[in-house]
Amino acid sequence: MTTGHPFSWTQDPSVSSVQNPGSRPVVGEPIDWIRAKDLVEVIDDWLPAARGEVKSVDALIRILRKLPEEMQVTRGVSWVSDLCIQDGRVTVKQSWLSNNWLKEIRTTANELDELDEWQILVDSLVVAGNEGLAPYSR
């Protein structure tokens with residue numbers, strides 16, 4: 001795992017108490033230290049180092065959820081596909097967030113006429129053994 005990268009799970013404030021068991025719990029809404037829109041232009045550069053890693057898929061989805069749903073569909077599906085599938089082989093069939101995120105953006109993908117790319121990703125994950133998305137597979 002690469003440390004110091006903005007997508008590194010170890011820098012995620014939500015896991016800080018796991019990393020630092022002596023730390024006090026945070027009270028109130030978490031501070032959003034990184035604006036997702038500022039990271040959009042560096043995601044393509046990060047993808048090769050993050051491929052095939054479940055934690056990377058979830059880190060990306062956390063960022064995508066902060067972006068407009070149109071961008072989640074038009075760019076995010078492709079990015080998630082890149083992390084999950086290499087050379088036609090699925091390396092991540094499911095992450096903690098992937099199934100719900102894919103279900104959440106399905107309607108927008110259809111409205112934007114981007115359902116084909118969404119469907120290819122879902123079908124690939126189901127063929128690899130993701131049973132949670134089976135009802136959405138062709």
Side-chain angles (χ1 to χ4, degrees):
M1 174 174 52
T2 305
T3 58
H5 195 282
F7 291 102
S8 172
W9 77 277
T10 59
Q11 294 178 359
D12 185 339
S14 67
V15 296
S16 64
S17 61
V18 174
Q19 295 171 351
N20 304 308
S23 66
R24 293 182 294 165
V26 177
V27 178
E29 290 295 314
I31 298 171
D32 192 5
W33 295 103
I34 299 173
R35 294 184 312 183
K37 67 179 185 171
D38 293 343
L39 297 175
V40 168
E41 298 308 316
V42 298
I43 290 173
D44 286 320
D45 295 333
W46 169 75
L47 290 173
R51 288 182 181 127
E53 297 293 331
V54 173
K55 290 178 184 175
S56 297
V57 174
D58 282 342
L60 177 59
I61 290 172
R62 280 189 202 95
I63 290 167
L64 288 171
R65 282 185 164 154
K66 295 177 183 184
L67 296 170
E69 210 163 278
E70 179 178 329
M71 184 175 284
Q72 291 182 49
V73 169
T74 58
R75 298 191 67 186
V77 171
S78 158
W79 287 332
V80 170
S81 293
D82 192 10
L83 292 180
C84 293
I85 305 167
Q86 293 85 47
D87 300 319
R89 187 174 70 87
V90 174
T91 55
V92 177
K93 66 179 178 183
Q94 182 177 353
S95 73
W96 188 259
L97 302 174
S98 61
N99 286 7
N100 285 337
W101 177 74
L102 285 163
K103 293 173 194 177
E104 290 165 9
I105 65 165
R106 186 183 188 284
T107 299
T108 303
N110 190 37
E111 291 169 356
L112 295 173
D113 201 27
E114 297 281 340
L115 194 57
D116 287 345
E117 186 174 3
W118 181 94
Q119 193 68 59
I120 290 168
L121 174 57
V122 168
D123 290 346
S124 297
L125 300 179
V126 169
V127 168
N130 183 327
E131 295 176 10
L133 292 174
Y136 299 89
S137 186
R138 291 186 191 160

Query raised in the report: Is it true that V122 and W96 fall in one hydrophobic cluster, defined by side-chain heavy atoms closer than 4.5 Å?
Result: yes
Query raised in the report: Are the side chain of D87 and the backbone N or O of R89 linked by a donor-acceptor pair below 3.5 Å?
Result: no
Report summary line: Output for pair (D82 CG, I43 CD1), nearest 0.5 Å, gives 11.5 Å
Query raised in the report: CG of L102 to OH of Y136: how many Å apart, nearest 0.5 Å?
Result: 10.5 Å
Query raised in the report: Does Q94 use its side chain to pair, donor to acceptor, with the backbone of N130 at less than 3.5 Å?
Result: no
Query - Residues, nucleotides or ligands: over 12 heavy atoms within 6.0 Å of D113 CG - result: no
Report summary line: Closest non-hydrogen atoms of Q72 and W101, given as atom of the first, atom of the second and distance, are OE1-NE1, 2.7 Å
Report task. Heavy atoms only: give me the nearest A128-K93 pair and the separation to one decimal. Result -> O-CD, 3.4 Å
Report task. Just jot down the side-chain hydrogen bond (donor to acceptor under 3.5 Å, both in side chains) partners of D38, sequence neighbours excluded, or say none. Result -> R35
Query raised in the report: Do you know the tightest heavy-atom contact between L83 and V92?
Result: O-CG2, 4.2 Å
Query raised in the report: Which atom pair, heavy atoms only, marks the closest approach of V90 to S124?
Result: CG2-O, 3.5 Å
Requested in this report: Identify the heavy atoms of G52 and T91 that sit nearest to each other, and give their distance.
Outcome: CA-OG1, 3.2 Å
Report task. Can you see which heavy atom on D58 is nearest to which on S95, and at what distance? Result -> OD1-OG, 2.6 Å
Query raised in the report: Between W118 and L112, is there a shared hydrophobic cluster once you connect ILVMFWY residues whose side-chain heavy atoms come closer than 4.5 Å?
Result: yes
Query raised in the report: Got a sec, which residues hit side chain to side chain contact (heavy atoms under 4.5 Å, CB included) with S78, two or more places apart in sequence or on another chain?
Result: E117
Requested in this report: I would like to know whether R65 and L97 meet side chain to side chain contact (heavy atoms under 4.5 Å, CB included); could you show each step before the answer?
Outcome: CA-CA 10 Å; R65 282 185 164 154; L97 302 174; 3.7 Å; yes
Query - Under the side-chain hydrogen bond (donor to acceptor under 3.5 Å, both in side chains) test, residues paired with D44 that sit two or more places apart - result: W79
Report task. Please indicate whether E70 has more than 12 foreign heavy atoms, meaning atoms of other residues, nucleotides or ligands, lying under 6.0 Å from its CD. Result -> no
**Report entry** Pairwise distance CD1(I105) to CD(E114) - rounded to 0.5 angstrom
**Finding:** 10.0 Å
Query - With E69 via side-chain hydrogen bond (donor to acceptor under 3.5 Å, both in side chains) - residues at least two apart - result: T108
Query raised in the report: Heavy atoms, side chains only, cut-off 4.5 Å: are I120 and V77 in contact?
Result: no
Query - Partner set under side chain to side chain contact (heavy atoms under 4.5 Å, CB included) for N110, not counting sequence neighbours - result: L115
Query - S98 vs I61, side chain to side chain contact (heavy atoms under 4.5 Å, CB included): CA-CA, chis, key distance, verdict - result: CA-CA 7 Å; S98 61; I61 290 172; 4.0 Å; yes
Query raised in the report: Can you check whether W46 reaches L39 side chain to side chain, under 4.5 Å on heavy atoms?
Result: no
Query raised in the report: Looking at L47, L64, I85, which one forms a side-chain contact (heavy atoms from CB on, under 4.5 Å) with V80?
Result: L64
Report task. List in chain and number order the residues that pass side-chain hydrogen bond (donor to acceptor under 3.5 Å, both in side chains) with S137, two or more places apart in sequence or in another chain; answer none if no residue qualifies. Result -> D123
Query - Heavy-atom check, side chain of C84 versus side chain of L125, under 4.5 Å - result: yes
Requested in this report: Step through the shown structure and confirm whether more than 12 heavy atoms of other residues, nucleotides or ligands are within 6.0 Å of NZ on K103.
Outcome: yes
